[in-house]
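The structure displayed is predicted, hence computed values, not measured ones. Both ligands and their constituent atoms are indexed starting at 1 by order of listing.
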Amino acid sequence: LRNDVTPEDDPRIPAIAKYFSTKGRYEEVNPHLIEDILAVNRSVLQPPFPQCREIHLTAIIRHGTRYPTAKNVKKMQKLYELVKSRASGHESWLREIKSQWTMWYTEDMDGRLVQKGMSDHKHLAVRLSKLFPSLVSEEKLRGGSIQFITSSKHRCVNSTLSFKAGLTELWDIRDQEFDHAVNDALMRFFDKCTRFLDEVDNNPTALAEMDKFKEGPEMRRVEQKIADRLGVPYNTVTADMAEAAFYMCAYEFAIKTVNSPWCRLFDEVDAQVMEYTNDLKQFWKRSYGYDINSKSSCILFHDVFSRLDKAANENLSGQQVTEAVTVQVGHAETLLPLITLLGFFKDSEALTSTNYATQTQRSFRTSQMLPYAANLLLVLYDCGGGDLRLQPLLNEKPVIFPGLAEQQASMPLYQDVKGHYRELLQGCDFEAECQLFKHPAEL
Ligand SMILES: O=P(O)(O)O[C@H]1[C@H](OP(=O)(O)O)[C@@H](OP(=O)(O)O)[C@H](O)[C@@H](O)[C@H]1OP(=O)(O)O
């Protein structure tokens with residue numbers, strides 16, 4: 001990409017790429033990476049005093065770009081069959097789909113990491129080594145103070161391997177291998193939380209707001225416009241078909257970096273409606289929609305703070321921090337509950353099927369929050385004389401702990417962060433929250 005070309009002007013990037021929600025490219029969230037995937041800007045880190053030193057980094061990272069899940073491949077196959085057999089439009093992009101494009105997605109791909117997903121993690125590893133050179137360093141890696149923890153899913157394990165490869169290739173390390181721990185209790189807590197499974201994941205009415213929106217006027221308009229563009233009867237394009245078409249555009253771009261003819265089925269207004277549908281799914285299934293969504297991450301929340309505490313205590317007693325870096329690889333459904341528990345991206349109104357128009361300025365945008373390789377970074381600083389600070393970053397951009405903004409413009413004191421989350425630190429017990437009966441709030 002030339003310097004004078006913005007992503008909006010680049011014909012290789014679909015105009016709707018910034019609305020792909022959890023199927024989006026990390027580069028759309030950090031567009032400077034389009035030009036240089038290894039670029040970092042250390043000046044975004046602004047410790048309050050020059051003597052502040054980073055002493056610990058916890059990175060919780062979503063796996064990299066992956067294939068669609070089997071469920072979505074099926075939907076995409078149905079759409080492809082419809083287009084092949086019924087589409088009567090004469091536009092060149094439609095002729096291209098019908099005569100040149102082949103349906104190459106198969107169900108056995110089922111969410112596996114793609115080549116681009118490996119690069120996502122390799123590149124992220126290199127950028128983190130540039131952003132935090134004293135922590136993500138060859139010496140620390142060789143010395144065993146960089147720990148890797150992953151979910152058992154192949155896309156996560158392979159992302160973890162790629163992250164490690166990014167570092168070992170960077171430093172040309174060939175004489176040593178580095179372990180990782182598979183820990184689903186931490187990285188797939190949602191699978192183990194009975195109350196969440198019962199009340200949300202397996203509850204057919206939990207996503208009622210998304211279901212209603214899919215049947216509502218905004219989605220109907222998108223479906224009609226797709227039917228018009230294809231030249232098929234209105235009743236053949238359902239919400240699932242529209243979703244499948246959106247995935248076709250998103251996956252072709254995320255996996256192959258091509259602006260495929262499928263993208264011509266949407267204009268920007270349509271894409272915003274599709275984005276809202278997915279935001280509704282994420283909101284009700286993994287975020288503020290139900291209290292248990294975020295509470296299911298209590299186990300990870302405590303794990304994060306116990307690591308920070310350990311690093312803080314070792315540092316305060318003059319010892320070397322044993323675990324300088326913790327890299328934890330999981331899913332959108334790992335990151336979002338934790339981000340929610342910490343209070344990020346909370347709007348005053350819930351996302352519902354009827355408030356699409358008033359939610360246009362919402363902060364809850366999964367396209368920005370949860371692309372492939374999305375990451376929450378927590379960096380602990382020692383600023384001398386017992387002054388410890390904690391800087392959160394989301395997708396490598398500094399963010400402010402919600403509620404702590406007024407008290408502290410710059411990096412907050414670690415003690416203040418702990419004070420802010422006091423209630424959760426003293427409670428938020430995974431076992432108690434996740435059991436079906438005797439929920440603490442009901443006692
Ligand atoms: O809509 P799909 O089938 O892709 O949903 C996936 C989840 O993807 P997401 O909704 O976040 O885009 C997937 O999360 P990921 O972070 O691993 O990509 C999740 O693990 C998987 O179980 C699918 O969830 P669903 O319950 O089948 O919708």
Side-chain angles (χ1 to χ4, degrees), residues 19-26 28-29 60-79 105-114 116-117 120-121 150-160 184 186-193 196-197 199-204 206-207 210-211 214 239-251 253-255 274-287 289-290 293 296-297 300 328-340 364-376 395:
Y19 303 112
F20 287 157
S21 318
T22 53
K23 317 294 193 241
R25 227 177 36 149
Y26 192 77
E28 264 51 57
V29 175
I60 302 168
I61 315 173
R62 187 186 179 203
H63 57 77
T65 308
R66 60 161 172 82
Y67 287 117
T69 52
K71 180 189 72 185
N72 286 337
V73 169
K74 277 192 206 140
K75 288 186 190 173
M76 290 155 80
Q77 280 164 344
K78 258 182 91 182
L79 170 76
Y105 297 97
T106 51
E107 282 180 48
D108 60 345
M109 292 173 172
D110 198 17
R112 288 182 175 273
L113 196 72
V114 297
K116 168 72 165 74
D120 291 337
H121 272 253
T150 177
S151 134
S152 64
K153 286 274 166 170
H154 33 63
R155 56 182 172 276
C156 297
V157 174
N158 287 335
S159 295
T160 308
D184 281 347
L186 267 190
M187 306 316 291
R188 292 184 60 80
F189 49 75
F190 42 88
D191 265 356
K192 325 254 175 218
C193 181
F196 167 73
L197 295 175
E199 294 182 1
V200 183
D201 211 28
N202 298 324
N203 175 355
L207 299 185
M210 181 194 76
D211 293 336
K214 280 179 155 185
D240 270 3
M241 287 282 189
E243 195 179 44
F246 201 56
Y247 289 156
M248 286 285 201
C249 172
Y251 278 114
F253 183 58
I255 298 173
M274 299 306 296
E275 181 192 41
Y276 193 68
T277 309
N278 197 28
D279 284 356
L280 280 169
K281 170 183 168 183
Q282 304 298 332
F283 184 89
W284 292 95
K285 197 172 172 176
R286 296 164 183 169
S287 188
Y290 301 102
N293 295 351
S296 66
S297 73
L300 182 57
Q328 301 183 291
V329 180
H331 306 261
E333 67 229 279
T334 312
L335 259 177
L336 187 51
L338 182 65
I339 288 172
T340 305
F364 192 89
R365 276 187 195 278
T366 55
S367 302
Q368 285 296 314
M369 298 151 70
L370 289 168
Y372 295 117
N375 50 82
L376 173 69
N395 300 329

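- Glu243 pairs in a salt bridge (charged side-chain N to carboxylate O under 4.0 Å, His left out) with only one of the listed residues (Lys74, Lys75, Lys281, Lys78), which is Lys75.
- In this structure, the disulfide bond (SG atoms under 2.5 Å apart) partners of Cys193, at least two apart in sequence or on a different chain, are Cys434.
- Comment: Asp240 engages Lys214 in a salt bridge, judged by a side-chain N to carboxylate O separation of less than 4.0 angstrom.
- A donor-acceptor contact shorter than 3.5 Å is absent between the side chain of Ser21 and the backbone of Lys23.
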Hey, what polar pairs (N/O, under 3.5 Å) does ligand 1 make with protein?
unit_1	atom_1	unit_2	atom_2	d
ligand 1	1 (O)	Lys23	NZ	3.3
ligand 1	1 (O)	Asn72	ND2	3.1
ligand 1	1 (O)	Lys281	NZ	3.1
ligand 1	3 (O)	Thr69	OG1	2.6
ligand 1	3 (O)	Lys71	NZ	3.4
ligand 1	3 (O)	Asn72	ND2	3.2
ligand 1	4 (O)	Lys23	NZ	2.8
ligand 1	4 (O)	Arg66	NH2	2.9
ligand 1	4 (O)	Asn72	ND2	3.4
ligand 1	5 (O)	Lys281	NZ	3.4
ligand 1	8 (O)	Arg66	NH2	2.8
ligand 1	10 (O)	Lys281	NZ	2.8
ligand 1	10 (O)	Gln282	NE2	3.3
ligand 1	10 (O)	Arg286	NH1	3.4
ligand 1	11 (O)	Arg286	NH1	2.8
ligand 1	12 (O)	Thr22	OG1	2.6
ligand 1	12 (O)	Lys23	NZ	2.4
ligand 1	14 (O)	Glu333	OE2	3.1
ligand 1	16 (O)	Arg62	NE	2.9
ligand 1	16 (O)	Arg62	NH2	3.4
ligand 1	16 (O)	His63	NE2	3.1
ligand 1	16 (O)	Ala332	N	2.6
ligand 1	17 (O)	His63	NE2	2.9
ligand 1	17 (O)	Arg155	NE	3.0
ligand 1	17 (O)	Arg155	NH2	2.9
ligand 1	17 (O)	His331	ND1	2.7
ligand 1	18 (O)	Arg62	NH2	2.8
ligand 1	18 (O)	His63	NE2	3.0
ligand 1	18 (O)	Arg66	NE	2.7
ligand 1	18 (O)	Arg66	NH2	2.9
ligand 1	20 (O)	Arg155	NH2	3.0
ligand 1	20 (O)	Glu333	OE2	2.4
ligand 1	26 (O)	Lys285	NZ	2.6
ligand 1	27 (O)	Lys71	NZ	3.0
ligand 1	28 (O)	Lys71	NZ	2.9
ligand 1	28 (O)	Lys281	NZ	2.9

message: For a side chain to side chain contact (heavy atoms under 4.5 Å, CB included) check, start with the C-alpha distance between Ile60 and Asn375, then their side-chain angles and the critical distance, and finish with the verdict.
response: CA-CA 6 Å; Ile60 302 168; Asn375 50 82; over 6 Å; no
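- Using a 30° and 60° split on the angle between ring planes, Tyr251 and Tyr372 fall in the tilted class, from 30° to 60°.
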